[in-house]
2 protein chains.
Amino acid sequence: MPEIRRRSAPATRAAILDAARVRFGADGFDRVTIRDIAGDVGVDPAMVIRYFGSKDALFAEASAFDMELPDLTGLAPEAVADVLMVRFFDVWEDNAGFLSLMRAAATSKVAADKMLELFSRQVAPVLGSAAVDRPADRAALVGSQILGLALSRYVLRVPPLVAMSQEELRTLIGPVITHYLTGKVFE
Amino acid sequence: MPEIRRRSAPATRAAILDAARVRFGADGFDRVTIRDIAGDVGVDPAMVIRYFGSKDALFAEASAFDMELPDLTGLAPEAVADVLMVRFFDVWEDNAGFLSLMRAAATSKVAADKMLELFSRQVAPVLGSAAVDRPADRAALVGSQILGLALSRYVLRVPPLVAMSQEELRTLIGPVITHYLTGKVFE
DNA sequence: CGGTTAAGTCACCAACCGTTGACTTGGAGG
DNA sequence: CCTCCAAGTCAACGGTTGGTGACTTAACCG
């Protein structure tokens, strides 16, 4: 555990941001109070406002994150699905920002729009480049499965999906991703 | 429109319940106030408490609903997927209870558990009976895709999924449902 | 027509929330 | 050691919320 320097503004700010990520990821925007977060850090609620301006601004910073998807052009569709799912598991399991945003998106229009933009700017292009046609439609279908998995496994905690390993899920869902990207959609 | 008898307790109660369903479905539990609902009906907030006891009890009643899935034993897997999706669209599009529950499940443990129980008591058995093996696992996979579709189409409003018709979505996603249930490879 | 009772209203409470501004404290530099 | 400024605390505000209880009103019945 890193020695926390007392009376260090950047350290305190970072600690507040970390606590906010955890809280927002666990309970969502509305159910978390500034007093909660300040209490976790052991600091006065006024500090939160001092460093972040408002609860909304704090949430915006806490739920910001980057998918950092690699360039996948030229890869075989099966490989695309695999690489993608590996990356998603990484993001989901050690970046509370995504869970925060998804939880908030369920009840907040601005959060929903933010998530939509994240998807269309970062994820959809990569997916679309691997699609045989109708890139937007196919990317959206893949997204629905990916999001459904995240919701079921990390929010609802559906027991079978929680019990399965990442590898198992990849082998089960990967073919579906590939199918959405390459399968025939017209008869 | 049915003539609303003034000073009729059952009618007022029903009107409050309807307004609650709409509000909870649109904005989620936390962002809706008793005063909002009462305002929609044009009634005093105290009436809401009088008839339902508390906000939680009102939500429980407003978000209660029944899947009413028919018995599907013996049907071909493709038919199972189709029947299922038709039923889901019906529930989603004219019963705000489901959306209420899903939105609430994103941030409330009790709502998440309620949704989980609804799935495991009403949906999973039917799905499991159509699976070739590992009924719980296969049902959960189907559930993740179904839930992801609902989230993307009705909450996030992903444009391509909103634009598609029910029939189109059935032909695109149906084969995936069948695949999850039977393990059959796509052609 | 008058009275009884349920339906509906009103004022209000206690708790909690985000946010603010004035105050206090600690620690580094001269 | 003293000074000074950033870091941190404190008390309080205005507003909102779920919930309560006493009051008022309307409609049915004898």
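To find a chain, count down the sequence lines: A is the first, B the second, and so on, and within it residues start at 1. Note: hydrogens, waters and symmetry copies are ignored here, and every other heavy atom, side chains too, is used.
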Chemist: Strictly below 4.0 Å, N to O, side chains only: are Asp36(A) and Arg31(A) in salt-bridge contact?
Modeler: no

Chemist: According to the interplanar angle, ranging from 0 to 90°, do the rings of Phe59(B) and Phe29(B) count as parallel (below 30°), tilted (30 to 60°) or perpendicular (above 60°)?
Modeler: perpendicular

Chemist: Applying the 4.5 Å side-chain criterion to the ILVMFWY set and letting contacts propagate, would Tyr180(A) and Ile146(B) be lumped into a single cluster?
Modeler: yes

Chemist: Round to the nearest Å and state the distance from Asp36(B) atom CG to dG19(D) atom C1'.
Modeler: 16 Å

Chemist: Could you work out which one of dG19(D), dC10(D), dT9(C) sits closest to the side chain of Met47(B)?
Modeler: dT9(C)

Chemist: Cation-pi check, Arg13(A) to Phe52(A): give yes when NZ or CZ is under 6.0 Å from the six-membered ring centre and within 45° of the ring axis, no otherwise.
Modeler: yes

Chemist: Is the closest basic N to carboxylate O distance between Arg134(B) and Glu168(A) below 4.0 Å?
Modeler: yes

Chemist: Whole-Å distance between dC23(D) C1' and Arg50(B) CZ?
Modeler: 11 Å

Chemist: Ignoring backbone atoms, establish whether Thr33(B) has a side-chain N or O less than 4.0 Å from OP1 or OP2 of dT16(D).
Modeler: no

Chemist: As a test of reading the structure: which of dT9(D), dC10(C), dA7(C) is closest to the side chain of Asp44(A), going by heavy atoms?
Modeler: dT9(D)

Chemist: Answer with base, sugar-phosphate or nothing: what part of the nucleic acid does Val48(A) contact at a heavy-atom distance below 4.0 Å?
Modeler: nothing

Chemist: Which nucleotide in the list dT19(C), dT9(D), dA7(D) gets nearest to the side chain of Ala46(A)?
Modeler: dT9(D)

Chemist: Categorize Val32(B) for me: base, sugar-phosphate, or nothing, with a 4.0 angstrom heavy-atom threshold over every strand shown.
Modeler: sugar-phosphate

Chemist: Choosing from dA7(C), dT9(D), dG19(D), which nucleotide comes nearest the side chain of Arg35(B)?
Modeler: dG19(D)

Chemist: Need one value for Phe52(A): base, sugar-phosphate or nothing, where a base atom within 4.0 Å counts as base even if backbone is also close, heavy atoms only.
Modeler: nothing

Chemist: In this structure, how many angstroms lie between the C1' atom of dG8(C) and the OH atom of Tyr51(B), rounded?
Modeler: 8 Å

Chemist: In whole Å, what is the span from the CD1 atom of Ile49(A) to the P atom of dA7(D)?
Modeler: 17 Å

Chemist: According to a strict under-4.0 Å criterion, is Ser8(A) in side-chain N/O contact with OP1 or OP2 of dA7(D)?
Modeler: no

Chemist: Nearest-Å distance, CZ (Arg23(B)) to C1' (dG18(D))?
Modeler: 16 Å

Chemist: Atom CZ of Arg31(B) and atom C1' of dT17(D): how far apart are they, to the nearest Å?
Modeler: 15 Å

Chemist: Measure the distance from CG on Asp27(A) to P on dC17(C) and round it to the nearest whole Å.
Modeler: 13 Å

Chemist: In whole angstroms, how far is the C1' atom of dC16(C) from the CG atom of Asp30(A)?
Modeler: 14 Å

